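For clarity, every value in this text was computed on a predicted model and none was experimentally measured. Order of the sequence lines fixes the chain letters, A, B, ..., with proteins taken first and strands second; residue numbering starts at 1 for each chain.
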Protein chains: 2
Amino acid sequence: MEKITTVVPKSLEEAYTFLKSRIHERMVIIVVGNCRVEYEGRAASRISEGERILIIKKDKAVLLHRPFGYEPINWQPSSSIVSISLQKDSVRMDFIRDRPHEVLRLEFRDIFFIGCYRIEDHAVFEMYGCEKDMQEAIVLEPEAIEDGLNILEVEKKISCGVIDVYGMDKDGRIVIMELKKDKAGKEAVLQLKRYVNVIGRELGKNRVRGILVAPDVKSDAFKLLKELNLEFKRFTPKMARRIIRKHKVKTIDKY
Amino acid sequence: MEKITTVVPKSLEEAYTFLKSRIHERMVIIVVGNCRVEYEGRAASRISEGERILIIKKDKAVLLHRPFGYEPINWQPSSSIVSISLQKDSVRMDFIRDRPHEVLRLEFRDIFFIGCYRIEDHAVFEMYGCEKDMQEAIVLEPEAIEDGLNILEVEKKISCGVIDVYGMDKDGRIVIMELKKDKAGKEAVLQLKRYVNVIGRELGKNRVRGILVAPDVKSDAFKLLKELNLEFKRFTPKMARRIIRKHKVKTIDKY
DNA sequence: CGTGCCAGGTGCCCT
DNA sequence: AGGGCACTTGGCACG
């Protein structure tokens with residue numbers, strides 16, 4: 001059980017034999033070779049021969065990469081069924097998943113390299129600066145949005161949709177906040193408008209305010225916002241991080 | 001200039017020396033090893049040590065993959081600046097891009113494997129069953145949507161947004177079609193409504209119809225559709241493919 | 001399971 | 001460069 005095994009096969013047969021013995025094991029397999037591809041599922045695609053890099057992960061997630069570009073040219077998310085067979089002039093690999101039913105077929109005419117890696121990674125991935133951070137910061141410090149604001153609920157589910165932050169202003173009016181971590185577009189404005197409409201219908205139109213909370217708004221979206229009688233408040237993920245850190249320090253200081 | 005070069009380095013120094021000599025060349029480089037990662041840019045992230053696979057492509061697109069899962073844990077799209085340095089107990093790699101300014105730093109404590117691949121792929125990728133196909137099919141055969149429909153324009157740009165297909169029905173009313181290749185949700189309905197509003201304001205509300213063209217609609221979206229006085233027409237990418245193929249055959253038959 | 005919605009989304013095309 | 005929008009989007013949380 002080597003951690004790493006690499007092969008530069010002399011023939012397709014050799015490549016096939018080696019891959020067949022490893023492909024169902026729980027390891028990462030990398031294949032570099034010349035293949036053509038057919039995919040059929042939600043959509044369908046085809047690409048003729050070219051030199052590409054195939055990665056089969058431990059959970060049978062499959063990625064086929066061209067020598068350039070960020071995105072894989074073809075892929076299969078995890079839980080696909082894997083099969084391999086030796087054809088007349090090629091090694092064929094089928095990766096199948098159900099729900100949705102999708103088939104990815106690679107036909108390798110040439111295999112230059114195979115690598116098998118028994119690697120482990122149990123680390124926890126931490127991400128900062130996402131929308132969730134903004135939400136958390138506003139709960140910790142509502143005055144970051146405006147004085148006298150009270151947060152009543154977060155992720156409030158209504159008939160069709162979810163209100164990011166739901167509160168009440170110093171005059172007793174309901175405040176609906178839609179958060180965006182990036183420059184907000186029209187969808188954000190319309191999303192907010194829908195929520196304001198729904199709540200407004202319940203509680204009375206002039207008892208409900210809608211605030212788009214984001215680092216910026218696209219110009220057309222801002223016009224739309226004004227037309228729809230909604231408000232904008234600048235707030236960035238970085239501002240959120242600062243607030244969260246401040247309150248964490250406070251919490252620690254207590255002990 | 002070997003097509004493939006692989007190294008199983010005995011030390012970090014050896015790995016560093018080898019990588020340094022190759023990292024700026026136009027080839028695909030794969031590194032397998034134990035690293036920790038920091039990213040800072042639009043957002044920020046951090047992950048402690050774990051065994052991962054790094055891919056540096058010819059265009060300096062960078063992908064860092066865990067041994068499981070479809071998505072890279074960290075990455076940098078193409079055109080990033082690459083630098084490498086030997087630290088006390090690690091090999092450090094920085095991948096930087098401007099606009100937006102983002103920095104990805106990998107700190108390898110251990111490198112098990114390095115592979116360099118001089119590969120070429122100039123094949124053309126063909127994709128079927130996308131929204132574009134539906135558009136093409138409707139232009140070729142408008143009666144697939146309804147009898148007497150005439151297509152006037154495709155991808156019609158209006159004040160804010162793009163109308164997928166724009167036509168006129170047998171009674172002379174304008175028909176605005178919003179296409180979706182998958183089950184349509186609320187956004188699709190609202191998108192359509194916006195276009196109908198804009199055109200309706202110009203030409204008179206009751207001279208404009210809006211049709212959502214998709215394989216299916218989510219139930220809430222359908223309710224919203226009805227409320228907003230819009231229509232739904234079932235049409236799938238597969239139906240589109242059939243129409244396109246039929247017309248291709250016709251075209252060939254002519255010659 | 002469907003429904004809603006975020007994402008360092010990415011990519012493509014247009015003005 | 002900014003805006004609009006599709007994508008085999010993927011992924012997650014929740015009814």
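Of the possible donor and acceptor atoms, one in the side chain of A:K57 sits under 3.5 Å from a partner among the backbone N and O of B:R66.
Between B:S159 and B:R99, the one whose closest nucleotide on DNA chain D sits nearer the 5' end is B:R99. Between A:K218 and B:L179, the residue whose closest nucleotide on DNA chain D is further toward the 5' end is A:K218.
Among the atoms of the strands shown, only primed sugar atoms or phosphate atoms (P, OP1, OP2) are found under 4.0 Å from some heavy atom of B:S219. When heavy atoms are screened at a 4.0 angstrom cut-off, B:D182 is found touching the sugar-phosphate backbone but no base atom. In this structure, B:E102 reaches the bases: a heavy-atom distance under 4.0 Å links it to at least one base atom across the strands shown. If you check every strand for non-hydrogen atoms under 4.0 Å, A:G161 touches sugar and phosphate atoms only. A:Q135 comes within contact range of no nucleotide atom at all, as no heavy-atom separation falls under 4.0 Å. At the heavy-atom level, A:I163 lies nowhere under 4.0 Å from the strands shown.
If you measure from atom NZ of A:K132 to atom P of C:dC6, you get 11 Å, rounded to the nearest angstrom. Atom CD of B:E71 and atom P of C:dC6 are 16 Å apart (whole Å). Atom CG in B:L63 sits roughly 14 Å away from atom C1' in C:dG8 (whole-Å rounding). As a whole-Å value, the separation of A:Y39 OH from D:dC7 C1' is 11 Å. We find that CD1 of B:I158 is positioned 11 Å from P of D:dG4, with the value rounded to whole Å.
With salt bridges taken as basic N to acidic carboxylate O contacts below 4.0 Å, one links A:E120 and A:K58. With salt bridges taken as basic N to acidic carboxylate O contacts below 4.0 Å, none links B:R109 and B:E107. Salt-bridge formation is not detected for the pair B:K181/B:E131: no Lys NZ or Arg NE/NH1/NH2 atom is positioned less than 4.0 Å from an Asp or Glu carboxylate oxygen.
Taking atom C1' on both C:dC6 and D:dC7, the two are 15 Å apart, rounded to the nearest angstrom. Rounded to the nearest Å, the gap between the C1' atom of D:dC5 and that of D:dT9 is 13 Å.
Here B:Y70 does not lie in a stacked arrangement on the base of D:dG10, lacking the combination of planes under 30° and ring centres under 5.5 Å apart.
For the OP1/OP2 pair of C:dT10 and a distance below 4.0 Å, the side-chain nitrogens and oxygens of B:R42 include at least one atom meeting the criterion. Look at A:Y195 and you won't find any side-chain N or O under 4.0 angstrom from OP1 or OP2 of C:dG4. One finds a side-chain N or O of A:K186 lying less than 4.0 angstrom from the OP1 or OP2 phosphate oxygen of D:dG4. Contact between the side-chain N/O atoms of B:K180 and the OP1/OP2 oxygens of D:dC5 is not found at any separation under 4.0 Å. One finds no side-chain N or O of B:W75 lying less than 4.0 angstrom from the OP1 or OP2 phosphate oxygen of C:dG9.
Atom CG of B:N229 has 12 or fewer neighbouring heavy atoms from other residues, nucleotides or ligands inside a 6.0 Å radius.
In the set D:dA6, D:dG4, C:dG4, the nucleotide with an atom closest to the side chain of B:C160 is D:dG4.
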